[in-house]
Q: 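My structure is below; once you've seen it, I'll send some questions.
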Amino acid sequence: MTTKTEQVKIFDTTLRDGEQSPGATMTVDEKLVIARQLEKLGVDVIEAGFAAASDGDAAAVARVAEAVRGPVVLSLSRTKESDIERAIRSVEKARRPGVHIFIATSDLHLQRKLMMSREEVVDAACWAIEFAKRHVDYIEFSAEDASRSERDYLTHVFAEVIKAGAGTLNVPDTTGYAMPSEFGELIRHLIENTEGGRGVTWSAHCHNDLGLAVANSLAAVRNGARQVECTINGIGERAGNTSLEEVVMALKTRADVFPDVTVGVHTEQIYPSSRLLSQITGIAIPINKPVVGANAFAHEAGIHQDGVLKDKSTYEIMRPESVGIESNRLVLGKHSGRHAFVERLKVLGVDLADVDIVKAFDRFKALADRKKNIYDEDILALLAEESGRAPDRYELIDLSVQHQATHVPQATVRLRIDGSEQVQSENGDGMVDACFKAISAIVGQAPKLDRYQVTAITGESEAQGEATCSISDEGIRVNGKGVHTDVIMASALAYVNALNKLEYRRRHQKQVRVEGP
Ligand code: KIV
Ligand code: ZN
């Protein structure tokens with residue numbers, strides 16, 4: 001007997017909720033690059049932004065809507081007429097446009113944030129859906145803070161919005177408060193008790209404050225949800241959202257536990273997507289992150305290594321290749337020609353239309369001069385560094401550091417600002433500090449350095465160092481990333497990248513503080 005399977009849709013909100021992760025703001029071009037990769041990954045829905053939040057967000061949603069052909073492209077919207085109009089306008093060029101309307105339903109939010117009665121919230125939600133539905137057929141409704149909302153009222157809200165025309169009903173655990181058993185039971189209760197609830201798609205949107213976002217999403221699927229909202233690498237507000245790679249690989253790897261569902265994602269695109277996002281946002285992937293972390297498939301203990309050599313399935317429940325990790329294979333070197341380079345890009349699934357091959361090959365050659373063995377990870381890092389990056393005001397030309405155990409370290413930096421070169425030397429409390437001080441002196445600003453980290457992209461002592469730093473100034477926080485075989489150079493590149501992003505953000509500040517219904 002065969003079981004009838006249903007598809008669990010993957011709704012990716014990296015470009016909207018993910019972008020709310022501290023410092024993760026992306027430029028319009030960067031969002032476009034991510035959206036194309038999400039399409040290649042095979043997600044069903046892309047939430048491209050919140051059009052009413054700023055002109056930049058509206059432009060990003062519009063560009064993604066125009067570029068992406070497969071997935072539905074949505075803009076988030078409050079129940080306000082002006083928001084909905086902007087959302088509709090931003091997705092008008094999409095092949096499959098949609099609008100995602102939300103309003104809070106917990107008494108706490110109604111009384112302390114919205115200052116609205118329960119019936120006012122129902123009226124606002126239904127009005128907004130009916131209004132949007134006149135222009136766009138695909139409407140998702142979210143009851144913000146659903147997991148802390150009173151059950152009967154929540155059921156009532158959902159029944160009314162179904163009548164108003166919403167086809168997807170999203171149940172957010174906005175504060176990451178729910179336990180898997182509770183959240184699964186809530187989904188089942190809503191499906192069984194909401195009038196019209198069996199003819200719509202139920203969706204789970206979980207936050208990770210207690211580390212339960214993936215577990216809660218899986219519990220939702222077990223109980224009838226047929227859409228999961230998630231982000232690449234689990235980035236998002238506070239502790240983040242449900243991680244796409246974890247939830248997808250859990251559904252695939254434990255198909256025995258989920259026999260009645262399938263997922264359409266091309267899993268071999270998971271690792272390239274993860275690295276691309278990390279490169280663009282400057283948010284490093286923790287080494288122990290499931291599925292995509294550097295140690296996710298590393299076996300340290302002798303007994304494990306022995307077992308894996310005899311039979312991989314002794315200690316591996318997924319194959320690295322299934323998520324696009326080519327197990328660090330040596331691919332190219334100094335003597336590789338352009339043909340071999342382009343062939344490798346094809347094997348890696350890179351869309352050649354997105355790459356300036358001449359520039360990429362030049363950078364590859366420069367890297368091959370410094371590094372004997374070039375791995376797939378190096379090539380992906382090199383491409384991601386270029387893709388859709390903010391137009392740079394500052395460019396690092398050269399750097400030299402002097403350091404002897406008995407002397408104060410000194411760094412001399414040559415930087416190009418708006419086309420003209422400047423040089424500065426500074427002493428510091430360590431080489432990186434000296435280097436950052438010299439850069440700060442040239443650009444005439446010293447934002448607060450909130451976080452700084454260096455990791456190696458691959459093994460070996462000549463591996464490329466990947467530096468990430470997070471800086472903030474006047475309430476704006478950005479992340480920068482730099483990759484180089486010399487870790488001081490990687491650090492300087494990360495700092496300069498962060499300064500360029502800070503410039504960009506100052507010019508494209510969010511225009512409205514998003515609050516209210
Ligand atoms: O977490 C949340 O409640 C949200 C909604 C806007 C869907 O992101
Ligand atoms: Zn959210």
Q: Between Lys481 and Ser278 (side chain of the first, backbone of the second, donor and acceptor by atom type, cut-off under 3.5 Å), is there such a pair?
A: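 Yes: the side chain of Lys481 pairs with the backbone of Ser278.
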Q: For residues Ile187 and Gly224, report the shortest heavy-atom separation together with the two atoms involved.
A: CG2-C, 4.4 Å
Q: Roughly how far, to the nearest 0.5 Å, is CD of Glu140 from NE2 of His205?
A: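 Rounded to the nearest 0.5 Å, the NE2-CD separation comes to 9.5 Å.
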Q: Show the numbers, then the answer: is there a salt bridge (charged side-chain N to carboxylate O under 4.0 Å, His left out) between Glu39 and Arg69?
A: CA-CA 8 Å; Glu39 182 168 31; Arg69 300 285 89 186; over 6 Å; no
Q: Assess the side chains of Asn233 and Ser274: does a donor N or O sit below 3.5 Å from an acceptor N or O?
A: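 Judged by distance alone, the side chains do pair up.
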Q: For the pair Arg254 and Asp256, evaluate salt bridge (charged side-chain N to carboxylate O under 4.0 Å, His left out) and give the outcome as yes or no after the intermediate values.
A: CA-CA 5 Å; Arg254 294 308 309 272; Asp256 56 323; 2.9 Å; yes
Q: Donor-acceptor pairs under 3.5 Å, side chain of residues 284-291 to any protein atom, not counting sequence neighbours: which ones?
A:
unit_1, atom_1, unit_2, atom_2, d
Lys289, NZ, Ser243, OG, 3.1
Lys289, NZ, Glu245, OE2, 2.9
Lys289, NZ, Glu246, OE2, 2.4

Q: Any donor and acceptor pair, going by atom type alone, linking the side chain of Asn479 with main-chain N or O of Ser470 inside 3.5 Å?
A: no
Q: Taking only Lys NZ, Arg NE, NH1 and NH2, and the carboxylate oxygens of Asp or Glu, determine whether Asp57 and Arg16 approach each other closer than 4.0 Å.
A: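 Salt bridge between Asp57 and Arg16, a charged N being under 4.0 Å from a carboxylate O: no.
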Q: When you look at Glu185 and Arg151, which way does the salt bridge (charged side-chain N to carboxylate O under 4.0 Å, His left out) test go after all the steps?
A: CA-CA 11 Å; Glu185 203 273 314; Arg151 283 266 176 111; 2.9 Å; yes
Q: Check the pair Lys163 / Glu160 against salt bridge (charged side-chain N to carboxylate O under 4.0 Å, His left out), numbers first and verdict last.
A: CA-CA 5 Å; Lys163 283 185 215 147; Glu160 293 305 308; 3.0 Å; yes
Q: Would you name the heavy atoms of Ser106 and Arg148 that are closest together and state the gap between them?
A: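 The answer is CB-O, 3.5 Å.
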Q: When you measure from the side chain of Asn208 to the backbone N and O of Ala213, does any donor-acceptor pair fall under 3.5 Å?
A: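 Yes: the side chain of Asn208 pairs with the backbone of Ala213.
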Q: With respect to Ile10, which candidate in Val45, Ile46, Asp44, Leu38 satisfies the side chain to side chain contact (heavy atoms under 4.5 Å, CB included) definition?
A: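 Only one option passes, and that is Asp44.
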